[in-house]
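Worksheet for the structure shown next.
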2 protein chains.
Amino acid sequence: MAYRETEKMRMRKAEARQRIVSCAYQCVAKSGFHSARVTTIAAMAGVATGTIYRHFESKEDLFAEIFRLATQREVDKVAEALSTQGDATVRLEAALRQFAERALRGPVMAWSLIAEPVDPKVEEERLAYRQAYAELFEKAISEGIEEGCIPEQDARQSSTCLVGAIAESLVGPLSPAQAASQAEPINDNYEPLVNSILRFCIQGLTGTRR
Amino acid sequence: MAYRETEKMRMRKAEARQRIVSCAYQCVAKSGFHSARVTTIAAMAGVATGTIYRHFESKEDLFAEIFRLATQREVDKVAEALSTQGDATVRLEAALRQFAERALRGPVMAWSLIAEPVDPKVEEERLAYRQAYAELFEKAISEGIEEGCIPEQDARQSSTCLVGAIAESLVGPLSPAQAASQAEPINDNYEPLVNSILRFCIQGLTGTRR
DNA sequence: ACAAGAAATGAATAATGATTCACTGTTTAA
DNA sequence: TTAAACAGTGAATCATTATTCATTTCTTGT
């Protein structure tokens with residue numbers, strides 16, 4: 001035997017893989033899973049099309065990894081916001097703000113994660129993603145119920161409403177504007193919009209006027 | 001000239017067109033725009049593939065018409081519910097119930113109308129659809145604000161949250177279950193689910209515990 | 001420098017599905 | 001009954017992309 005995989009090679013391969021992942025991520029963030037082409041990703045990453053298939057079984061597998069990555073970031077941020085000081089309502093508000101602001105800053109990716117139709121393997125990841133959120137919010141809502149700052153309710157169902165209200169608030173604006181406003185970050189000042197959404201969400205949860 | 005379109009022919013053509021529309025509608029209702037095949041629709045309608053193109057410029061045009069049709073039904077129902085007796089909150093609740101129940105009864109079509117990615121011409125119809133809802137709910141919310149039963153707020157934004165909360169509550173359950181629960185009507189008893197969603201929505205609007 | 005093994009390449013292939021169009025069948029008015 | 005005009009047909013075409021694989025290029029240990 002004359003060839004043995006060496007550290008240097010392992011590194012180089014890892015770098016290529018990383019570059020592929022990063023470019024795929026950018027493509028998805030720019031226009032969603034559906035329009036992300038394997039060929040384009042390869043070109044961006046400076047490798048041949050076939051090389052993608054040395055690192056990933058299939059497009060689906062690559063995308064599943066992208067989904068997982070993107071998801072992890074989002075869920076972590078929300079979990080972080082939920083684990084700060086304050087009563088459940090305050091923590092939930094912080095978490096929802098985090099969720100909404102991040103979604104508004106990257107609406108295409110947010111839409112891809114929440115609602116874009118994707119292949120089965122990616123859909124599986126989405127199930128995990130939904131459950132991660134559902135569990136996080138559910139836990140916080142349940143804590144709020146125990147603390148007494150949130151009235152009795154189906155925590156899982158409320159969590160779904162929260163995600164939906166926020167998602168629709170950004171998917172709606174996204175759809176028609178697409179070509180026109182996609183180039184720019186749409187709007188610098190999300191504050192009023194986010195406040196408006198949050199007021200609705202928190203009222204929906206607590207039934208207390210804000 | 002030896003041939004002139006006669007009433008009989010006009011009728012026959014209209015029937016064929018109607019059959020195409022109806023079959024296309026069924027296909028979309030069963031699995032969304034994306035998986036509705038021109039060939040399948042033609043077969044269902046008992047005509048050749050090419051015949052579809054004698055009645056519609058393109059698949060996109062056919063689908064735009066389907067979207068418009070489906071949309072009209074939904075918007076009409078909501079408008080009807082909004083024009084009954086009672087104060088704004090009561091009317092809104094009736095309308096939201098109508099919206100939610102219909103969506104739950106036909107979740108695939110609901111998802112197609114609300115969030116499925118579609119071609120530009122269909123997307124245009126969606127814009128009109130969104131605006132129709134936005135205007136209906138907005139008007140009712142504004143009336144509620146004048147009546148004093150709903151506090152001051154951005155009516156358009158709230159309307160978006162309403163639609164989102166309901167949509168997500170049915171899209172979520174839809175996604176993973178797909179194959180498994182699509183055969184049956186999922187569940188006969190929507191009452192508790194709908195009540196739960198509505199509580200959240202009305203609280204979100206009014207900030208008053210239900 | 002060499003040969004064995006691996007990695008990279010990208011043009012060719014395969015699969016899918018909308019759309020076309022040359023042809024066949026029908027309807028109409030004279 | 002005939003021919004002009006139209007309607008219907010569906011196999012063939014075109015377009016789009018993921019995926020493959022024979023070939024080339026690079027790495028490594030001797």
Side-chain angles (χ1 to χ4, degrees), chain A residues 1-21 23-24 27-28 30-67 116-123, chain B residues 1-21 23-24 27-28 30-66 116-122:
Chain A
M1 49 159 168
Y3 178 96
R4 186 77 66 83
E5 184 179 67
T6 183
E7 192 52 32
K8 178 181 152 202
M9 263 293 115
R10 225 187 321 276
M11 290 278 273
R12 192 186 292 182
K13 278 206 277 176
E15 272 163 32
R17 194 194 145 95
Q18 179 46 45
R19 221 164 45 243
I20 291 167
V21 165
C23 293
C27 284
V28 173
K30 174 166 291 176
S31 24
F33 287 102
H34 181 69
S35 22
R37 311 262 165 263
V38 173
T39 313
T40 310
I41 293 166
M44 269 176 82
V47 298
T49 317
T51 303
I52 301 257
Y53 290 85
R54 306 208 139 257
H55 294 275
F56 300 91
E57 276 285 314
S58 67
K59 188 193 174 187
E60 246 185 297
D61 284 83
L62 168 57
F63 282 6
E65 176 149 341
I66 301 304
F67 197 101
E116 184 181 3
V118 291
D119 296 34
K121 273 186 186 166
V122 182
E123 186 64 38
Chain B
M1 50 156 168
Y3 179 95
R4 186 76 66 83
E5 184 179 70
T6 184
E7 192 51 32
K8 179 183 151 199
M9 264 294 116
R10 225 188 321 278
M11 289 278 273
R12 190 187 294 180
K13 278 206 279 176
E15 272 163 32
R17 192 193 146 98
Q18 180 47 45
R19 223 165 43 244
I20 291 167
V21 165
C23 294
C27 284
V28 173
K30 175 167 291 176
S31 24
F33 287 101
H34 181 68
S35 24
R37 310 263 166 263
V38 173
T39 312
T40 310
I41 294 166
M44 269 177 81
V47 298
T49 317
T51 304
I52 301 257
Y53 290 85
R54 301 206 148 259
H55 292 276
F56 299 90
E57 277 285 313
S58 67
K59 188 193 173 187
E60 244 185 297
D61 284 84
L62 168 57
F63 283 6
E65 178 150 340
I66 301 305
E116 184 181 2
V118 291
D119 295 34
K121 273 186 186 165
V122 183

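No experiment lies behind these values; they were computed from the predicted model shown.
- The side chain of Val47(B) approaches dT9(D) more closely than any other nucleotide in the set dT9(C), dT9(D), dT19(C).
- Between Glu7(A) atom CD and dT28(D) atom P there is a gap of 11 Å when expressed in whole angstrom units.
- Closest to the Ser58(B) side chain, of the nucleotides dT19(C), dG29(D), dT9(C), is dT19(C).
- A salt bridge links Glu7(B) with Arg10(B); the closest basic N to acidic carboxylate O contact falls under 4.0 Å.
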Quiz item: Could you go step by step and tell me if Phe63(A) and Lys121(A) meet the side-chain contact (heavy atoms from CB on, under 4.5 Å) rule?
Solution: CA-CA 9 Å; Phe63(A) 282 6; Lys121(A) 273 186 186 166; over 6 Å; no

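- A donor-acceptor contact shorter than 3.5 Å links the side chain of Ser58(A) to the backbone of Asp61(A).
- Using cut-offs of 30° and 60° for the angle between ring planes, the Phe33(A) and Phe67(A) rings count as parallel.
- Within 6.0 Å of CD on Glu57(A) lie no more than 12 heavy atoms contributed by other residues, nucleotides or ligands.
- Rounded to whole Å, the distance from CZ on Arg4(B) to C1' on dT26(C) is 18 Å.
- Residues of residues 10-20 of chain A having a heavy atom closer than 4.0 Å to DNA chain C, listed by number: Lys13(A).
- OP1 and OP2 of dG10(D) both lie 4.0 Å or more from every side-chain N or O belonging to Thr49(B).
- In this structure, Lys121(A) atom NZ and dA18(D) atom P are separated by 16 Å, rounded to whole Å.
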Quiz prompt | Working for side-chain contact (heavy atoms from CB on, under 4.5 Å), residues Val47(B) and Arg54(B) | solution = CA-CA 11 Å; Val47(B) 298; Arg54(B) 301 206 148 259; over 6 Å; no

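- Between Leu62(A) atom CG and dA18(D) atom C1' the separation is 12 Å, expressed in whole Å.
- Remark: Lys8(B) is in phosphate contact with dT28(C), judged by side-chain N or O atoms under 4.0 Å from OP1 or OP2.
- No hydrogens or angles were tested; on distance alone, a donor-acceptor pair under 3.5 Å links the side chain of Arg54(B) to the base of dG8(D).
- Distance CD1 (Ile52(A)) to P (dC21(D)): 18 Å, rounded to an integer number of Å.
- Between Phe33(B) atom CZ and dA18(C) atom P there is a gap of 14 Å when expressed in whole angstrom units.
- Taking 4.0 angstrom as the limit, Tyr3(A) places none of its side-chain polar atoms (N or O) nearer than this to OP1 or OP2 of dT27(D).
- Distance alone, capped at 3.5 Å, is enough to place a donor-acceptor pair between the Glu116(B) side chain and the His34(B) backbone.
- Map Glu60(B) and Glu5(B) each onto its nearest nucleotide of DNA chain C; the residue landing nearer the 5' end is Glu60(B).
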Exercise. Might you work through the side-chain contact (heavy atoms from CB on, under 4.5 Å) test for Arg17(B) and Glu65(B), ending with a clear yes or no?
Key: CA-CA 11 Å; Arg17(B) 192 193 146 98; Glu65(B) 178 150 340; 2.4 Å; yes

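- The phosphate of dT17(D) (OP1 or OP2) has a side-chain N or O of Arg37(A) nearer than 4.0 angstrom.
- Distances were taken from every side-chain heavy atom of Lys59(A) (C-beta onward) to each of dG10(D), dA18(D), dA3(D); the shortest belongs to dA18(D).
- One interatomic measurement links the two molecules: CZ of Phe56(A) to P of dT20(D), which rounds to 15 Å at whole-angstrom precision.
- Comparing Thr39(A) and Thr51(B) along DNA chain D, the residue whose closest nucleotide (by nearest heavy atom) sits nearer the 5' end is Thr51(B).
- In this structure, CE of Met9(B) is placed 16 Å from P of dG25(C), rounded to the nearest angstrom.
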